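As structure tokens, the structure follows; a few thoughts come after it.
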Amino acid sequence: MTATDATDYSLTGASSRTAIEEGLAEGAWFRPPIDPDRLAALQQRTNGRAAVELALWLTFLAGSAALAIALWPSPLALPALLVYGGLYGGSADARWHEMGHNTAFKTQWVNDVVYRLSSFMLWREATVWRWSHDRHHTDTIVVGRDMEIAFQRPTSRRQLVKTFSGVGALSFWPRILRHAGGGRDREVAAFMPESEWPAVHREARQYVAIQGLVIIACFMLWTPLPLLLVGLPTVYGMWLMVFFGITQHAGLQENVLDHRLNTRTVYMNPVFRFLYLNMNYHIEHHMFPTVPYYNLPALHAEVKPFLPEPVPNTMAAYRELLGAMSAQRTDPAFELNRPVPEVPTAEHQRISIAGNGPVVTREGDVVWASTLGLDVGRVRRLDVGSSSFALFRLGKDEYVVTDGFCTHGQAHLADGVVLDCELIECPKHNGQFDIRSGAPKRRPVSAPLKTYPVELGSDGRSARFSVGDSSQNLR
């Protein structure tokens, strides 16, 4: 393959335009059927499990750092630094990922604090990478749309060595310095709103200031130890992040709207799963990103019949992906094509509830929806002809109806998670809306959601709304 016919992976070139023209951008992704009650249970977040595992990680991190300091400058400090680097520059990636999705802790500010800490540890600008990862979930491995295609075709041996050695982490700094100086990266500008640039510039300056102080400390103390503990672990510990991360998508298909074809689930041992926070269940995570990491094994059990056969272990995953990447050096179009089970299309319209009639009926512009079996804090999908809505129960006698689909992409909000009877979280990219007003509350959503005034029927078993009477309140 010559330079002239190489695939353009940039977000500003021809591949980006092609993805939009072919309907791959913000497309409708395959999701396997799952019982709504079971999914709602799996989407629940808790502080306890996440707190215990975060405390263990921080304890191991602090312990290995303390041991390295105590043994420095003896060569015996090197094993401690290697462990510290793996936890810092490698396992921090899983914490960054889960906290970025805001699903690990029920308490949101804890997610944000740990996300920002791990973002710095990985030299990932917090705001930039929030938007980048939202795009990754919206357009997973879609060429020209996904900035997080880490192993572009063909991947050379030199690139693999560079990535595993951690040298690739240094490539983040030209962009950080550009943003610290008030400039803008063109790739970032392709997916990030104008309103976020002040935060990007501020964060980049903070990164530069912190790393600058660490370097000054090295000269003042006349030892490289400060830099070996803050900064360089991103480089020499990156191998662990790559060791896990390469199993996610490498060698699989590009430009498809089915995570079963472009994402890999790998069975791993308990130690790996702790370091990686169960992200080895990666197909399941992409299909249901509102499910917290500690519930992914249970989710896997629910949807396993609809997925390709999981890779039995990490070594088998490496044999598979390295073989595919080797083939792609001579044939960049080569990709693994795994068989997937056929899944019947789900029918949502006019479902009956325990013999009490249809969920939804329509008379002109007026829609009657059954409230039977809809508990407080739950949401139900309503399909009315070519339109689709979401019916929420937020209190004993409080019901809200909104448009069914997220304003950012093709995902139905009835598959999302209701948070504290206040917010609905999109099942595709974790964007959030205020249920009552429809106002966007969390990136990447920006357009408000239509809401419809609801009246309760006199029978206490139905709610009435008019499809011609919508509002787009911003508060």
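Sequential numbering from 1 along the given sequence is applied to the chain's residues. Being a predicted model, the structure only gives us computed values, none of them experimental.
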Cationic N near anionic O, under 4.0 Å, R436 to D434: no
Salt bridge flag under 4.0 Å for residues R153 and E335: yes
Electrostatic pair D93:R95 at N-O distance under 4.0 angstrom: no
Salt bridge R135-E148, side-chain N to carboxylate O under 4.0 Å: no
R338/E309 ion pair, N-O < 4.0 Å: no
Salt bridge E125-R175, side-chain N to carboxylate O under 4.0 Å: yes
Residues K428 and D415 bridged, charged N to O under 4.0 Å: no
Test side-chain contact (heavy atoms from CB on, under 4.5 Å) applied to E425 and L419, L413, V418, the passing residue: L419
Qualifying residues under side-chain hydrogen bond (donor to acceptor under 3.5 Å, both in side chains), relative to N255, sequence neighbours excluded: none
Considering all heavy atoms, the nearest Y293-R49 contact: OH-O, 4.0 Å
Closest contact, heavy atoms only, A298 versus R38: CB-NH2, 3.7 Å
Carboxylate-amine/guanidinium proximity below 4.0 Å for R130 and D134: no
Pair D375 + R393: basic N to acidic O under 4.0 Å: no
Electrostatic pair E422-K441, nearest N-O below 4.0 angstrom: no
Aromatic W96 / basic R124 pairing, under 6.0 angstrom, 45° off normal: yes
Option from W129, Y207, W173 for which ring pair (Phe, Tyr, Trp, His ring centres under 6.0 Å) with W123 holds: W173
